[in-house]
Protein chains: 2
Amino acid sequence: MSVQEAPTAAVSGDTRERILDVALDLFTEKGYDKTSLREIAEQLGFTKAALYYHFPGKKDILLALHYRLHAVLEASMEETGGLDSDPSRWVDIFDHLIDQMLTHRKLILMHDRNRASFEQLHHDLDHQNAHDDLEEQFRRVLRDVDVPLRDKVRLTCAQGVFIAGAVLAGEELADVPSDQLAGELRSAVRDVLAQPDG
Amino acid sequence: MSVQEAPTAAVSGDTRERILDVALDLFTEKGYDKTSLREIAEQLGFTKAALYYHFPGKKDILLALHYRLHAVLEASMEETGGLDSDPSRWVDIFDHLIDQMLTHRKLILMHDRNRASFEQLHHDLDHQNAHDDLEEQFRRVLRDVDVPLRDKVRLTCAQGVFIAGAVLAGEELADVPSDQLAGELRSAVRDVLAQPDG
DNA sequence: GTCTATATTTCGATAGAC
DNA sequence: GTCTATCGAAATATAGAC
């Protein structure tokens with residue numbers, strides 16, 4: 001995506017991203033815990049110890065991938081204005097999120113399949129602030145006493161459809177064109193978030 | 001929940017179930033990989049090695065919990081007749097599944113949060129036969145070329161709602177009465193699975 | 001920037017006493 | 001049925017050569 005850098009020390013600097021790409025695949029397939037640094041390194045053609053030049057430790061690789069996802073979601077939130085307690089805006093937000101999901105499907109899947117590891121990451125680091133923003137906005141709506149139960153359930157169901165879509169796009173319906181799948185998912189989200197009297 | 005048993009040697013025999021109860025909690029909270037046998041044993045008041053009297057190894061504890069869930073879903077499938085490619089029957093099936101989910105919520109959550117470990121379990125053992133039945137029936141529908149894309153997506157979305165409901169019931173909306181939540185979830189599933197022209 | 005070699009820790013698992 | 005003691009394997013991480 002980024003333009004070619006100066007060819008001298010260019011391949012390096014990219015190594016960090018290549019490590020993250022490999023880790024993303026392995027963390028998604030086998031899970032974070034079952035993926036060893038040895039596996040990541042061997043798939044890249046060098047040894048385990050070399051990873052420690054690019055990352056202080058294993059959890060920092062997971063953290064870097066977390067930031068990747070964070071950046072994607074943050075950008076999406078800026079365009080749509082963020083999630084709040086007004087249900088009439090949720091459809092637009094999910095429309096936008098579905099686009100991002102199909103583009104960064106593996107990132108979503110990896111996050112979903114390693115939820116336990118991410119939660120521990122937030123506890124280990126003093127990452128209690130800025131709790132992933134989108135997820136924090138999510139929880140804020142669910143805690144809002146002025147939001148009816150029905151809407152809270154529907155919001156969570158829409159998130160369920162969102163994640164189910166990511167799984168579907170990567171596995172069982174991997175051969176379906178993205179835009180076609182996106183249309184079906186958007187349609188499903190509309191039905192889930194439909195106002196009962198509006 | 002169960003009445004007090006005879007106080008003599010009664011506590012034993014129950015130990016296996018108590019181990020599974022503790023493991024279910026820890027596997028759900030921290031994940032299977034991050035839960036050590038030492039933790040399970042200490043929470044029960046004895047040491048790591050004592051676990052090996054009740055189970056051949058760690059993965060057999062996970063396997064036993066898998067059978068617990070399998071029994072629940074199997075019973076539900078027998079009552080509703082099983083999942084096939086006929087979309088008009090899906091609503092009834094999910095109605096039934098939602099009841100089971102709210103009763104055995106932790107079991108569903110644990111399975112969802114440790115999907116990677118369960119998949120590896122199926123590979124390690126020659127468990128290729130009877131691939132969890134419900135999930136296999138699920139995949140069969142998704143592979144059926146006679147089922148329209150729309151219905152496949154909707155079926156997966158209903159599953160997404162199902163799992164989202166399990167998370168909701170255990171965390172953010174844990175204080176909402178079960179039957180009230182069940183009603184909302186059933187309503188949401190109906191909207192997801194609604195026939196466009198029926 | 002990648003390597004070898006090694007330190008340190010933790011875990012799953014076994015053997016055998018009680 | 002639960003214990004102590006211990007083994008062996010594998011993983012993360014460090015130190016330092018090249």
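We name chains A, B, ... by the order of the sequence lines, and we start the count at 1 in each one. Since the structure is predicted, the reported quantities are computational estimates derived from the model, not experimental observations.
Of the side-chain N and O atoms in A:Thr47, none sit less than 4.0 angstrom from OP1 or OP2 of C:dT2. Listed pair A:Tyr53 / C:dT2 fails the phosphate criterion, with no side-chain N or O lying under 4.0 Å from OP1 or OP2.
The CG-P distance, from B:Asp14 to D:dG1, rounds to 12 Å in whole Å. Between A:Glu42 atom CD and D:dA10 atom P the separation is 13 Å, expressed in whole Å. Look at NZ on A:Lys30: it is 13 Å from C1' on D:dA11, rounded to the nearest Å. Going from atom CG of A:Leu51 over to atom C1' of C:dC3 covers 12 Å, rounded to whole Å. Atom P of nucleotide D:dG1 and atom CD of B:Glu17 are separated by 14 Å, given to the nearest angstrom.
The pair B:Glu39-B:Lys48 does not meet the salt-bridge criterion, since no charged nitrogen lies less than 4.0 angstrom from a carboxylate oxygen. The pair B:Arg115-A:Asp112 fails the salt-bridge criterion, with no side-chain N (NZ, NE, NH1 or NH2) lying under 4.0 Å from an Asp/Glu carboxylate O. Ion pairing of A:Arg38 with A:Glu42 is present here, as a side-chain N (NZ or NE/NH1/NH2) and a carboxylate O approach within less than 4.0 Å.
Taking Ile, Leu, Val, Met, Phe, Trp and Tyr as hydrophobic and joining them when side-chain heavy atoms fall under 4.5 Å apart, one finds A:Val145 isolated, its cluster having no other members. In the hydrophobic clustering, A:Val167 connects to A:Leu109, either directly or through intervening members, whenever side-chain heavy atoms lie under 4.5 Å apart.
When heavy atoms are screened at a 4.0 angstrom cut-off, B:Phe46 is found touching the sugar-phosphate backbone but no base atom.
Residues B:Pro87 and B:Asp151 come closest through the heavy atom pair CG-OD2, 3.6 Å.
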Original post:
What does nucleotides 11-18 of chain C look like as a protein-contact string, B for base, S for sugar-phosphate only, - for none, at under 4.0 angstrom between heavy atoms?
Top reply: SBBB----
